[in-house]
Amino acid sequence: ASPLSTFSTLSPLSLSPKFSQDPVTTTLGGFSKVTNYLFDAFRGPDTVLLKQRPVGEVADLLNEAIPGLDINQLEEPGYEVITRIDLGVLPEVRRREPVGAEEWNTNMDPEGRMRNISHLKQTIFKGGLCHVLRKEGWKFLLGYFPWESTLEERRSLTRRKTDEYFRMKLQWKSVSEEQEKHNSMFRDHRSLIEKDVNRTDRTNTFYEGQDNPGLILLHDVLMTYCMYDFDLGYVQGMSDLLSPILYVMEDEVDAFWCFVSFMDQMHQNFEEQMQGMKTQLIQLSTLLRLLDLSFWNYLVAQDSGHLYFCFRWLLIRFKRELSFPDVLRLWEVMWTGLPCQNFHLLVCCAILDSEKHQIMEEQYGFNEILKVCVLLCFACIQLVDGNHGDLAGSIYTVAKTPGGRQLIDGNHGDLAGSIYTVAKTPGGRQLVDC
């Protein structure tokens, strides 16, 4: 196109109708035409030009690659909005056996460095770790131990971290009664920790009974974390995140640093503005709308479209919805980072899918929906199929479209990639696979 013809398309008269309807898209579209003209001017006559596929052709290719997509094509090229996806027939999926000591050791070189890390993570994702390996494996999965570190480097790291931990522990241990009287924040944190420790996993043998050593360790690690992160301190629910880690590690130093790594992932859930929780609820609602529009519309009609009943699931990663052994299995699977950083949202969708028929067929309203989801913890503890159906099905992640628009993103990472299924745990419930 000539310069005059290119710039004539950008005249105020030609832009005004589009601009009034969609100023952002119109402006950027106009700039792109100017940019293309300038690029063409600088290219030599012999330069091979890459031709952009028409929008309709891109949509056809997407429909062929992922059957069941509904794609709305906007007037300006570069954006395709996926509005629905057909999950299709659920595939039969079986989980493999957990990774054992022999398999773990074969992935370690003579100096202690882990090899074939991507394959090892895939294996853990599909089967988890046997319990005797968790004490070591979780340190890698949580980032306390670097995967490429040698055995000697890990020993040196442990010595440094042990010294650092006990220095912080001494800080709160040495606070006098007089000092505590003049530090309301310290008093509040200590009081809340003592209350929560006394009601965290008391049926677990590691924490049951009075004056249990496990309770003392739980208390001390949480108090030390207040010295590590003064800004956050302690917020109700953090004891639920620490409890399984301490149970596995059986050591306050290792448990503390693994907990620190876990809290790095979960920090926004507990901040005063709770931006992490708000983001995840929006992402979950968007994902459910994409996967099951009819169910999402039903929830919206019952004033439940914001999915606030999933708040606790997201806040402490299903800690109170699943039995303790299955929490250990699910967490280590999610810590692999596969298939995406937001995999817990897909688990939420699978749980909702297992309950949707009951909710819709019985025409549950707001109160009934809330009650069903709160009582899910009792059903989930059994981890059976039965009346709750398979926890279920083909769960799809949302990939970036050719135009680069992400349907679901934010501080918790892309829901990027392809199609993943939810596989059965040894207890019979489908949780994860790919």
Side-chain angles (χ1 to χ4, degrees), residues 95-96 98-99 104 120-145 147 200-201 204 206-207 214 218 221-222 225 237-251 254-270 276-277 280 310 312-351 376-377 380-381 383 391 395 412-413 420 422-427 429-434:
R95 289 186 61 75
R96 56 153 285 163
V99 175
W104 178 268
L120 186 59
K121 286 183 178 180
Q122 286 279 355
T123 306
I124 295 171
F125 178 74
K126 295 180 179 181
L129 293 166
C130 67
H131 189 69
V132 295
L133 269 180
R134 285 179 172 145
K135 187 176 296 187
E136 181 178 4
W138 281 22
K139 296 173 187 177
F140 288 95
L141 290 172
L142 284 166
Y144 175 34
F145 283 171
W147 289 95
T200 300
D201 293 324
N204 188 301
F206 192 79
Y207 300 108
L218 191 65
V221 171
L222 292 171
Y225 187 81
M238 288 166 57
S239 62
D240 280 295
L241 298 185
L242 172 61
S243 172
I245 295 175
L246 181 59
Y247 168 81
V248 167
M249 295 298 156
E250 299 180 304
D251 177 86
D254 289 339
F256 174 82
W257 291 112
C258 287
F259 177 65
V260 165
S261 297
F262 195 19
M263 281 301 301
D264 287 344
Q265 303 174 26
M266 306 291 289
H267 201 279
Q268 285 194 324
N269 284 13
F270 296 95
M277 292 301 301
Q280 290 173 90
C310 299
R312 191 175 69 182
W313 304 0
L314 299 172
L315 180 69
I316 53 177
R317 290 294 192 271
F318 313 100
K319 168 60 168 53
R320 299 189 187 178
E321 278 63 53
L322 301 176
S323 68
F324 203 84
D326 287 297
V327 169
L328 305 184
R329 176 73 71 232
L330 177 60
W331 282 10
E332 66 195 9
V333 164
M334 291 194 296
W335 291 337
T336 65
L338 301 174
C340 56
Q341 292 301 315
N342 272 339
F343 184 62
H344 61 285
L345 298 183
L346 306 182
V347 177
C348 288
C349 288
I351 295 174
L376 270 177
C377 58
C380 290
I381 287 174
L383 290 183
L391 180 65
I395 300 297
H412 295 270
Y420 295 87
V422 178
K424 293 183 179 179
T425 63
R429 183 169 191 172
Q430 293 185 339
L431 286 177
V432 282
D433 205 335
C434 67

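Residue numbers run from 1 in the order of the sequence given.
- Between Phe324 and Phe206, the ring center distance fails the sub-6.0 Å criterion.
- Between Trp147 and Trp104, the ring planes lie tilted relative to each other; the angle falls in the 30° to 60° range.
- The shortest heavy-atom contact between Leu328 and Pro244 is CD2-CB, 3.6 Å.
- We find the CG-CG distance between Leu314 and Leu345 to be 6.5 Å, quoted to the nearest 0.5 Å.
- In this structure the side chain of Cys340 reaches within 4.5 angstrom of the side chain of Leu346, judged on heavy atoms.
- Contact detail for Leu241 and Phe262: the closest heavy-atom pair is CD2-CE2, 3.8 Å.
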Practice prompt. Check step by step if side chain to side chain contact (heavy atoms under 4.5 Å, CB included) holds for Val347 and Phe343.
Written response: CA-CA 7 Å; Val347 177; Phe343 184 62; 3.8 Å; yes
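- Here the CZ atom belonging to Phe259 is positioned 4.0 Å from the CE atom belonging to Met238, to the nearest 0.5 angstrom.
- Contact annotation: the side chain of Trp138 approaches that of Ile245 to within less than 4.5 Å [non-hydrogen atoms, C-beta and beyond].
- Using a 4.5 Å cut-off on side-chain heavy atoms (C-beta onward), Phe256 and Met249 make no contact.
- Residues Ile124 and Trp335 fail the side-chain proximity criterion, which asks for heavy atoms closer than 4.5 Å.
- Without hydrogens or angle criteria, Thr336 side chain to Val333 main chain gives a donor-acceptor distance under 3.5 Å.
- Between the side chain of Ser261 and the backbone N or O of Trp257 there is at least one donor-acceptor pair closer than 3.5 Å.
- By the 4.5 Å heavy-atom criterion applied to side chains, Arg329 and Pro98 are counted as neighbours.
- Distance CG/Asp254 to NZ/Lys135: 8.5 Å, rounded to 0.5 Å.
- The minimum heavy-atom distance linking Cys258 with Tyr144 is given by the pair SG-CD2, 4.1 Å.
- Counting heavy atoms from C-beta outward, Val327 and Tyr247 have side chains that stay 4.5 Å or more apart.
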Discussion item. Between Tyr207 and Leu246, is the side chain to side chain contact (heavy atoms under 4.5 Å, CB included) condition met? List the steps.
Written reply: CA-CA 10 Å; Tyr207 300 108; Leu246 181 59; 3.5 Å; yes
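- Between the side chain of Asp201 and the backbone N or O of Asn204, no donor-acceptor pair lies under 3.5 Å.
- Gln265 is not listed as a side-chain neighbour of Met334, based on a closest heavy-atom distance of 4.5 Å or more.
- From Lys121, atom NZ reaches atom CG of Leu338 across 7.0 Å, with rounding to the nearest 0.5 Å.
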Item to complete: Would you please test Met266 and Leu315 for side chain to side chain contact (heavy atoms under 4.5 Å, CB included) and show each step?
Response: CA-CA 8 Å; Met266 306 291 289; Leu315 180 69; over 6 Å; no
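- A distance of 14.0 Å separates OG in Ser323 from CZ in Phe318, rounded to the nearest 0.5 Å.
- Using modelled atom types and a 3.5 Å distance limit, the side chains of Thr200 and Ser239 yield a donor-acceptor pair.
- Contact of the Leu129 side chain with the Leu141 side chain is registered, since non-hydrogen atoms from C-beta on lie closer than 4.5 Å.
- Looking at Arg320, its side chain never comes within 3.5 Å of a backbone N or O of Trp313 through a donor-acceptor pair.
- Under a 3.5 Å cut-off, the side chain of Trp331 and the backbone N or O of Arg317 do form a donor-acceptor pair.
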